Amino acid sequence: MSKKFSLPRGTSDILPFEMPSWQFIESKARDILKFYNYKEFRTPVFEETGLFKRSLGQTSDVVNKQLLELASDKEDTLSLRPEGTAAIVRSYIENSLDRKEAISKLFYIGPMFRGERPQKGRLRQFHQIGVEALGVATSSPYLDSEVMALSVNILKSFGLNNFQLKINTLGAPEDKEEFSKQLRSELKSSVDELCADCQQRFERNVFRILDCKNRGCKRVVAGLSIGDSYLSAESKVYYEDVKKALRSLNVDFVEDSNLVRGLDYYTHTVFEISDSSLGSQDALGAGGRYNNLVSQLGGAEVDAVGFALGMERILLAMPKEQILAEDTLDIYIVNMDEQAFMEGFRLLNVFRGESLSADMSYKISSMKSQMRAANKSKAKYVVILGEEELKNGEATVKNMASSEQERIPLQMVGKALKERLNSIN
Ligand code: AMP
């Protein structure tokens, strides 16, 4: 017996009957992104491993534990992309976009890959809708708040309304440095109480201790008293302006001083959107400002802000009535005999030529079984061709919603159905 292959762990097939809900969220997102003047951007699904190491930080979990490397060919190892920002920045620099436009408002939709331990809402291949706004001297609380409002409005357009936007600021790079110093000095006496991961993070990526889910770590973090003393006066004003701008857009948010994000590149505004209905993997999306990444990767001094939303988690959280029924079909043709089949085959082409979707069975079976197939395909009209119809040069046309039937001359049936379908579509 030959081996049966199965789906790789942590991936999923998107079956044809699931596609309408994917198409729904993609097209809604595209509509809203257009209102905000964002343009689509596509990069390869793999890049040089070094790009991810340099941009995301050697100590981030994504680089440390989850990069899926493709080949270890000398220095230039390639890895599947774990997120979208690094590649956009690589391409932004390579194509000198900073010299071509004052601000590049970009978005992407596509698969990302992380070698994680799979569980509900956590996959090895998942999909994101992501947004990046990059440009020289574009750091503005208004842009930060607009980007957050955009992410909220995209989620609302899917019918989601149980989510919460959490925001925080890390301050400018110098503030961030001060923040990590203060954190280390406060945490020093409690290192033993931290989980094994966080004991390592203490040296390498101390911020991550703040959002660790471990109970012991949470207890230690709850006892910290850092406040916002690490922020410069300028950074404080920036953050106040972000909040003011969010309020002016009527965007609800809560402040969360433990929100730090796992990646090195964030500075100033960071945010996360969570939905408690999702259980332990409750983040629908996240983002923030990253003013130094472009220069870190060899480009100019360019400011940037962005976010990514997880599409699988959006689908898990979406209200069921929002998930569309399978695509419908305009016309199904039922052929009663061989001669009818030939006429049906010709009509199929006529209907498609009229931009109507049409199908039929390619073998002649009973009327009952063909009607069953018509129902299954959710056809709006059924065209029945039998001996009697062909003798009169006509087709019987049945409206499946009202069950009304009429006879229409064969040479007029294409145009007639086009008219009827236009009036109901
Ligand atoms: P991140 O880049 O980790 O902030 O991810 C942004 C969003 O992508 C998250 O909020 C999730 O919705 C989604 N996401 C991240 N990792 C995974 C994963 N392994 N499986 C499914 N969705 C994910």
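Remember, it's 1-based here, ligands and their atoms both numbered in the order they're listed. The shown structure was predicted, so the numbers you read here are calculated from the model rather than taken from an experiment.
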**OP:** Could you check atom 21 (C) of ligand 1 against the protein and tell me its nearest heavy-atom contact, residue, atom and distance included?
**Re:** G121 O, 3.2 Å
Original post:
Considering only heavy atoms, which of A317, A283, G10 lies nearest to atom 12 (O) of ligand 1?
Top reply: A283
Original post:
Thinking salt bridges, do K65 and D197 make one under a 4.0 Å N-O criterion?
Top reply: yes
Subject >> Contact with ligand 1 for M112, non-hydrogen, under 4.0 angstrom >> reply: no
Original post:
Hey, does R122 sit under 4.0 Å from ligand 1 if you only count heavy atoms?
Top reply: yes
Original post:
Less than 4.0 Å between a side-chain N and a carboxylate O, is that true for R90 and E47?
Top reply: yes
Original post:
Quick check: does R114 get an N/O under 3.5 Å from an N/O on ligand 1?
Top reply: yes
Original post:
Between the side chains of D241 and Y142, does any donor sit under 3.5 Å from an acceptor?
Top reply: no
**OP:** Give a yes or no on whether the backbone of G171 and the side-chain of Y238 come within a donor-acceptor separation of less than 3.5 Å.
**Re:** no
**OP:** Verify salt bridge (charged side-chain N to carboxylate O under 4.0 Å, His left out) between E116 and R122, making sure each step is shown before the conclusion.
**Re:** CA-CA 7 Å; E116 307 208 61; R122 196 158 85 183; 3.6 Å; yes
Original post:
Quick one: which of G285, A308, G310 has a heavy atom closest to atom 10 (O) of ligand 1?
Top reply: G285
Original post:
Could K398 and E404 be called an ion pair, given the rule that one side-chain N must be under 4.0 Å from one carboxylate O?
Top reply: no
**OP:** Please confirm whether L123 comes within less than 3.5 Å of ligand 1 when only nitrogen or oxygen atoms on both sides are compared.
**Re:** yes
**OP:** Would you indicate which of F113, F126, F307 comes nearest to atom 15 (C) of ligand 1 when only heavy atoms are counted?
**Re:** F126
Subject >> A286 neighbourhood, listing ligand 1 atoms whose heavy-atom distance to it stays under 4.0 Å >> reply: 4 (O)
Original post:
Hey, does Q128 come in under 3.5 Å of ligand 1, counting only N/O atoms on both sides?
Top reply: yes
Original post:
Could you give the distance from NZ (K181) to CZ (F179), rounded to the nearest 0.5 Å?
Top reply: 14.0 Å
Original post:
Is the shortest N/O to N/O distance between L284 and ligand 1 below 3.5 Å?
Top reply: yes
Subject >> Close aromatic pair by centroid cut-off 6.0 Å: Y290 and Y265 >> reply: yes
**OP:** If you have a sec, work out which protein heavy atom is nearest atom 4 (O) of ligand 1 and how many Å separate them, to one decimal?
**Re:** R261 NH2, 2.6 Å
Original post:
What is the nearest protein non-hydrogen atom to atom 19 (N) of ligand 1, stated with its residue, atom name and distance?
Top reply: E116 OE2, 2.6 Å
Subject >> Nearest-0.5 Å distance that lies between atom CG in L417 and atom NZ in K415 >> reply: 11.5 Å
